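Below you'll find the structure, written out as structure tokens, and then a few comments.
What you see is a predicted model; the values in this text were computed from it and never measured.
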Amino acid sequence: MNFSQNSGGQSATPPKIKSTQNLGAAGLRKLLFVAGIASLCASCQNPPAPTATTPGASPGTSPAATPVAVSSPGDPNTVKIVSMLPMTGSALGQSQTMVNGIQQALAETGSKACDGKIQIQYEVYDDATAAAGKWDPAQVTSNSNKAVADSSVVAVIGHYNSGAAKLSIPVLNQANIVMISPANTYPGLTKPGKGEAKEPNVYYPAGTRNFTRVVPADDLQGAVAANWAKSLGVQKVYILDDQELYGKGIADVFEPTAKKLGIQVLGREGIDIRASDYKALMNKIKALNPDMIYFGGTTQSNTGQIIKDMRNVGMTPEAVKFMGPDGIKDQALIDAAGKDAQGVYATFGGLPPQELTGVGAKWYESYKAKYNAEPEAYAAYAYEAAKVAIGAINKVCKNDRAAIREAVLATKDFNGVLGTWSFDTNGDTSLTTMSGNVVKGGKWEFVSPLKTE
């Protein structure tokens, strides 16, 4: 399906000036006057925002900042919401249903707000590349700068990957653009004391918060996973992670909780997600006789190959469980692992779409009717994020990034498809409901809600 990939706005730049050769004094004065006016006009735009230039930095390192020119204001009655999601690679299926959810929310209002006075446009930004096969740091940086440069952009819905959010939040922060995430769960993005030493303040150079999420963070999900493993009879676990922000972060929570619960941690290591196979690693783990392998990562971190090699060396679903976080709960995981996906467990930071009740149940039925397909896990969260953005625009009723950011952060007692919830001072949702899921017969099945204690 094709999506609009139009430019997010042209940068304000002075007019091109030809060589001053053969110009008289009057001509030179004229050129200097034009250049001066252009410079003055450029300074009248919104304040410049930073651009992330250190994608490989550690979680507690603030990306460097350089100015980004902002386009001249267009129609004051038109605002734009953009999504930043991986529309290339195996995450496309998940991202597509999130885009569907956003489009569904906008369609319900006719893409208008404030009694029709404000027109809302929507653009899809792809934060992945074919070369990477998943989100790409350079693409994230480019997209963030593109959003800042387009003066009509007032809200961003994204990302799918927390590592991508780490790079874009500071860029958007100094431009007062709010981000509402349907999927980022790394605690250090918002919660003091839950990540690296300088987190989360390092992501907010302007001194104000601009990042919110409608999904519970991993400090809850990692603990829930360990408790669920204990209830499944797991006594010995080997922990792997993909060495990325999200995967390592959730494994960092799972490990101490498992130990506290009396589960023996046989070992832990980060994997090379580009490895052709993991047979040697799986044979090493098998010799330790674990009850379960816990993997912190996403489907795009070669999880399918890990599972295949685990099963191929004789660690059957009956003997050794495999569990991961919501980053593996998608159809792409089942496609990648094939028959070996049978019996794979995954936690999810909420309830799957078919388990929603009330307003959520009505949304689920309307989604299936509109798209003639089942929504993936995060579709409801993207829909909810879009509704929050639309609600904030309705409160402000003008193109005002700062005011819309403040309106989003002030969201309280929101009655949506996920239930009734609020954002706290960190931008985190008050919702804590999670779920356990397992692959049976080639599809994900809901097992039960999981407690956060």
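For the atom pair OG of Ser111 and CG of Leu106, the computed distance is 4.5 Å after rounding to the nearest 0.5 Å. Atom CG of Asn184 and atom OH of Tyr246 lie 10.5 Å apart (nearest 0.5 Å).
Residue pairs meeting the disulfide (SG to SG under 2.5 Å) criterion with at least one partner in residues 170-216, sequence neighbours excluded, are absent. Residue pairs satisfying the salt bridge (Lys or Arg N to Asp or Glu O under 4.0 Å) criterion with at least one member in residues 212-221, sequence neighbours excluded, are listed as follows: Lys191-Asp219, Arg213-Asp428. Residues in residues 411-427 take part in no salt bridge (Lys or Arg N to Asp or Glu O under 4.0 Å) pair, two or more places apart or across chains. Among pairs with a residue in residues 378-389, those fulfilling salt bridge (Lys or Arg N to Asp or Glu O under 4.0 Å) read Glu108-Lys387, at least two apart in sequence or across chains.
Among residues two or more places apart in sequence or in another chain, the side chain to side chain contact (heavy atoms under 4.5 Å, CB included) test is passed with Ala410 by none. For Glu244, the side chain to side chain donor-acceptor pair (under 3.5 Å) test picks out Lys134, with sequence neighbours left out. Not counting sequence neighbours, the partners of Asn176 by the side chain to side chain donor-acceptor pair (under 3.5 Å) test are Arg405. Contacts of Asn302 classified as side chain to side chain contact (heavy atoms under 4.5 Å, CB included), with partners at least two apart in sequence or in another chain: Tyr278, Gln305. Applying the side chain to side chain donor-acceptor pair (under 3.5 Å) rule to Asp136 yields the partners Thr129; only residues at least two apart in sequence or on another chain are considered. Here Cys114 pairs with Lys117, Ile118, Asn394, Cys397 under the side chain to side chain contact (heavy atoms under 4.5 Å, CB included) rule; sequence neighbours left out. The side chain to side chain donor-acceptor pair (under 3.5 Å) test applied to Tyr367 returns Asn100, not counting sequence neighbours. Gln354 meets the side chain to side chain contact (heavy atoms under 4.5 Å, CB included) test with Pro352, Tyr364; sequence neighbours excluded.
Under the 6.0 Å distance and 45° angle rule, Lys166 does not count as a cation-pi partner of Tyr203.
The aromatic rings of Tyr381 and Phe348 sit perpendicular, their planes meeting at an angle over 60°, well past the 30° parallel limit.
A ring-centre distance under 6.0 Å is found for Phe423 and Trp421.
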